[in-house]
There are 2 protein chains.
Amino acid sequence: MLTIDLDDSTPLYLQVSQGIQRAIAGGALRVGAKLPSVRQLAGDLAINLNTVARAYRQLEEQGLVRVRQGRGARVASDLVSGDRSAAEADLRRSLAQVFSEARLAGLDRMVVERAARACLDDLEATKERK
Amino acid sequence: MLTIDLDDSTPLYLQVSQGIQRAIAGGALRVGAKLPSVRQLAGDLAINLNTVARAYRQLEEQGLVRVRQGRGARVASDLVSGDRSAAEADLRRSLAQVFSEARLAGLDRMVVERAARACLDDLEATKERK
DNA sequence: GCCAAGTGTATCACTGTATGAGACACTTGC
DNA sequence: GCAAGTGTCTCATACAGTGATACACTTGGC
């Protein structure tokens, strides 16, 4: 469910935390679910346990995960705090960049629209099966 | 047209190159247009000229800009090379992350859809006026 | 032809971030 | 009480980002 790409310039700890974010947003990880231990996940991904620990700490700062020494980490929420309008502004900034890159790469507007719809659908898909 | 946010963790040189990318994708900068000199832009943005130079060099590697010593930099193309299917895969990865973050921030699916459509429209807006 | 002004380039130093190795501390169950 | 499992801390290293400064190329006016 979670993969790491060493060629990607995105820091490993971010690849990990973002992967878990997506799993939570998509419903693959529900509130209360236990995350693998830092050693377990580090072993699976063939990276250092500190790197996983850092990802967990970041998720805890966002309030998505609750980490307790000796006990492991669990999903604490599927909603981060912070005001909506700021989030919407961030969303627009991100989308403007992503769409620009897609168009520069020669992707047609229709292709981009279809990809966007597909991604949104994927996100809801798992969520529905409650 | 181009702004720099020191609080944003995105490297300055990337903020610069991405801003120019967006300007090219949106049509604000047409092929052949001259970019400000590295000193000029660095002065405007209150950053080091090397940082701007690095952004220009990156844009040149992508083939979007042509830089010549002593002569300045011009927009060389509004299309980067590379195959479409890879670009589409990248697009999907990026969108999956951006949408996940938006939903975690509590944004409704409809709000996200509306933002996406608005961003796409903005992108085409300037382009039309030829 | 020369030179001043404008342009990008190269080098060096400094700082902070990312990653990893290893030791430490807490919790649980037997 | 203790062994096994869990997260945390500290230290070291490598590299990326940024800036100051000096260098090299191009153009235009004379």
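Chain naming here is simple, since letters A, B, ... match the order of the sequence lines and numbering starts at 1 in each. Just so we're clear, the structure is a prediction, and the values are computed from it rather than from any experiment.
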Rounding to an integer number of Å, can you tell me how far [X] [atom1] sits from [N] [atom2]?
| X | N | atom1 | atom2 | result |
| --- | --- | --- | --- | --- |
| A/Y56 | D/dT6 | OH | P | 10 Å |
| B/K34 | C/dT7 | NZ | P | 7 Å |
| B/L41 | C/dG8 | CG | P | 10 Å |
| A/L49 | C/dT19 | CG | C1' | 11 Å |
| A/L14 | D/dA16 | CG | P | 16 Å |
| A/L35 | D/dT6 | CG | P | 12 Å |
| B/Q18 | D/dG17 | CD | P | 12 Å |
| B/I4 | D/dG17 | CD1 | C1' | 13 Å |

### Closest-nucleotide 5' rank along DNA chain C - winner of A/R71 and B/Q40
B/Q40
### Message
If you assign A/N48 and A/G70 each to the DNA chain C nucleotide with the nearest heavy atom, which residue ends up on the more 5' nucleotide?
### Response
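Taking each residue's closest nucleotide, the earlier one in sequence belongs to A/N48.
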At under 4.0 Å, does any side-chain N or O of [X] touch on OP1 or OP2 of [N]?
| X | N | answer |
| --- | --- | --- |
| A/S37 | D/dG5 | no |
| A/R39 | D/dG5 | no |
| B/T51 | D/dG17 | no |

### Task
Give a yes or no on whether the backbone of B/S100 and the side-chain of A/Q21 come within a donor-acceptor separation of less than 3.5 Å.
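Flag not set: sc A/Q21 to bb B/S100 has no pair under 3.5 Å.
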#### Entry: Polar side-chain atom of B/Q58 near backbone of B/L14 as donor-acceptor pair, under 3.5 Å
no
Which nucleotide in [options] has an atom nearest any side-chain atom of [X]:
| X | options | result |
| --- | --- | --- |
| A/V67 | D/dT27, C/dG22, D/dG7 | D/dG7 |
| A/V38 | C/dT27, D/dT8, C/dT19 | D/dT8 |
| A/R54 | C/dA18, D/dT8, D/dT18 | C/dA18 |

### Task
Report the C-alpha separation of B/L12 and B/V52 in whole Å, then their side-chain angles, then the decisive distance to 0.1 Å, and conclude whether the side-chain contact (heavy atoms from CB on, under 4.5 Å) test is met.
CA-CA 8 Å; B/L12 300 180; B/V52 176; over 6 Å; no
### Message
Under 4.0 Å between a side-chain nitrogen and a carboxylate oxygen: does that hold for B/R57 and B/E61?
### Response
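B/E61 and B/R57: not salt-bridged.
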### Task
Please lay out, stage by stage, how A/L95 and B/L95 fare under the test side-chain contact (heavy atoms from CB on, under 4.5 Å).
CA-CA 8 Å; A/L95 286 178; B/L95 286 178; 3.8 Å; yes
### Task
Look at the side chain of A/N50 against the base of C/dA21 and say whether a donor-acceptor pair falls under 3.5 Å; ignore hydrogens and angles.
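Such a pair is found, so the answer is yes.
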